[in-house]
Amino acid sequence: QTETKVIHSYWEGFHDSHSTIKEYYVSVGTCPQCEDILPQQALGITYEFTLKNLHLGPGLRYFTTVTACNTADQCTIVTSDGVVIDNSPPTAGAVQDGVGYIDTEYQSMTTYISAKWTAFDDPQSGLEKYVWRVGTKPGYDDIIAPLELHVTLVASLLNSTHKVVDLPINTRIYVTVRAYNKAGLWSEASSNGFLVDNTAPVITRAPTFSADFGVKGLTQIYKTSMKVEWTADDEESFIKRQYLSIKSHIGGEFMLSSQLVNGIARTYVFTGLDLHDGVTYYVTLITCNSADICTQSTSQGMFVDTSPPSRGTFATSTDHASDPDLSRHENDWMTWGTNAVYLAWLGFSDIHSGIDHYLVTVGSTYMA
């Protein structure tokens with residue numbers, strides 16, 4: 001009870017089949033049959049008693065003892081199970097959105113909601129029940145009306161035929177939990193809210209190989225490193241984490257497990273690789289927002305060629321050609337006139353990326 005100045009008692013069922021009950025006696029104490037609050041008092045024939053103007057201590061249990069005596073002075077003593085004085089509400093705890101290890105700030109489902117809470121307590125009479133509700137502001141119930149729970153520390157609700165859960169998109173949602181003690185007093189606390197985001201991040205620019213990193217078009221000259229750039233965005237719940245991986249073409253012998261990248265990163269350099277000449281590599285980006293919705297994109301293939309072309313020779317006439325039909329010497333080439341030099345060459349090749357272009361110099365000394 002919450003009242004600290006009065007104790008009410010009531011009894012019934014005392015009976016004596018041989019004689020009659022002559023008088024009732026009552027005492028009040030802090031233990032069964034104790035009289036430290038009220039020594040035994042004779043009441044006559046009555047069935048209720050009120051003791052007023054007390055100073056009862058919160059958290060203590062008070063017992064009323066009734067003694068019924070018949071005309072033969074034979075008595076029977078019965079003690080109540082006691083009443084606890086509690087005039088203070090429970091201690092308010094803290095409410096967390098979601099039932100995970102940390103508080104949920106974003107979720108993707110509109111048909112599910114959950115929460116857990118801690119530190120609600122009542123040292124006087126103990127907790128009787130919880131009531132939780134959900135709204136667009138702390139304490140509101142415009143999304144889910146109050147639902148009564150037993151003494152538990154977690155609750156969840158899923159859309160079903162018995163209860164409709166329809167959470168709004170991009171609107172902060174708050175869970176409020178009210179704890180009642182056994183005296184009927186209550187206290188409540190609200191979560192800091194969360195948002196529902198059911199859309200995936202947008203990758204506006206797929207992984208692209210950086211042009212300032214030994215790259216020409218879709219060919220690069222590095223074996224141990226690779227640099228990619230991309231653009232991704234999520235206006236609702238922001239990019240939380242990203243994963244990058246490298247794979248080779250079908251039949252290739254290279255495969256790199258995913259690398260976790262910070263959500264704010266838009267460029268990344270792979271190091272310590274063992275790329276192979278003549279192989280095309282693809283970088284795959286997986287981007288996840290705070291609602292744990294992910295999307296992915298794969299780059300164009302990057303061809304790796306770290307070796308120079310095979311060295312050829314000028315197409316000059318020799319006397320040791322194995323077969324004249326090889327036509328190593330072309331007529332009218334490797335000659336000069338007063339205003340022109342006519343050059344021809346052969347044998348230059350590149351098995352990986354092919355020959356792209358030649359550079360020709362003419363000088364008055366060797367290699368000049």
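Only heavy atoms go into these numbers, but all of them, side chains included; no hydrogens, no water, no symmetry mates.
In this structure, the separation between OH on Y25 and SG on C75 is 6.5 Å, given to the nearest 0.5 Å. Of the inter-residue distances, the one linking H8 atom NE2 with Y10 atom OH reads 15.0 Å to the nearest 0.5 angstrom. Taken to the nearest 0.5 Å, the CG atom of D356 stands 10.0 Å off from the CG atom of D350. Put simply, CD1 on I293 and SG on C288 are 10.0 Å apart, with the number rounded to the nearest 0.5 Å. Distance check, rounded to the nearest 0.5 Å: CG of D73 to CD of E23 gives 10.5 Å.
Residues satisfying the salt bridge (Lys or Arg N to Asp or Glu O under 4.0 Å) criterion with K227, sequence neighbours excluded, are D212.
Under the 4.5 Å side-chain criterion, counting only non-hydrogen atoms from C-beta, I173 is in contact with I113. Using a 4.5 Å heavy-atom cutoff, the side chains of Q242 and L285 are in contact.
Between W345 and Y358, the ring center distance clears the sub-6.0 Å criterion. Ring to ring, F120 and Y130 are close: their centroids are under 6.0 angstrom apart. Between F194 and Y106, the ring center distance fails the sub-6.0 Å criterion.
With hydrogens and angles ignored, the 3.5 Å screen pairs a side-chain donor or acceptor of D16 with a backbone N or O of S19. A donor-acceptor contact shorter than 3.5 Å is absent between the side chain of W230 and the backbone of S299. Y140 contributes no side-chain N or O that, together with a main-chain N or O of Y174, makes up a donor-acceptor pair within less than 3.5 Å.
Checking T67 against Q40 by side-chain atom types alone, a donor-acceptor pair falls below 3.5 Å. Residues S353 and D305 have side chains that bring a donor and an acceptor to within less than 3.5 angstrom of each other. With no hydrogens or angles considered, no side-chain donor-acceptor pair links T4 and N87 at under 3.5 Å. Looking only at atom types and distance, the side chain of D292 has no donor-acceptor partner in the side chain of S290 under 3.5 Å away. A donor-acceptor pair shorter than 3.5 Å can be found between the side chains of S190 and T176. A side-chain N or O of D142 and one of T136 form a donor-acceptor pair less than 3.5 Å apart. A side-chain donor-acceptor contact under 3.5 Å links T298 and T284. Looking only at atom types and distance, the side chain of T306 has a donor-acceptor partner in the side chain of D277 under 3.5 Å away.
Hydrophobic clustering, with ILVMFWY side chains joined whenever heavy atoms are under 4.5 angstrom apart, groups L157 together with I169.
A salt bridge is defined here as a Lys NZ or Arg NE, NH1 or NH2 lying under 4.0 Å from an Asp or Glu carboxylate O, and R178 with E148 fails to meet this definition. Salt-bridge formation is detected for the pair E188/R133: a Lys NZ or Arg NE/NH1/NH2 atom is positioned less than 4.0 Å from an Asp or Glu carboxylate oxygen. Contact check on K182 versus D122 returns no salt bridge, with no Lys/Arg side-chain nitrogen under 4.0 Å from an Asp/Glu carboxylate oxygen.
A side-chain hydrogen bond (donor to acceptor under 3.5 Å, both in side chains) check over residues 75-86, counting only residues at least two apart or in different chains, returns the pairs T65-T79, D86-S88, D86-S125, D86-N181. Residue pairs meeting the ring pair (Phe, Tyr, Trp, His ring centres under 6.0 Å) criterion with at least one partner in residues 26-69, sequence neighbours excluded, are Y24-Y47.
Counting non-hydrogen atoms of neighbouring residues, nucleotides and ligands closer than 6.0 angstrom, the OH atom of Y112 exceeds 12 such neighbours.
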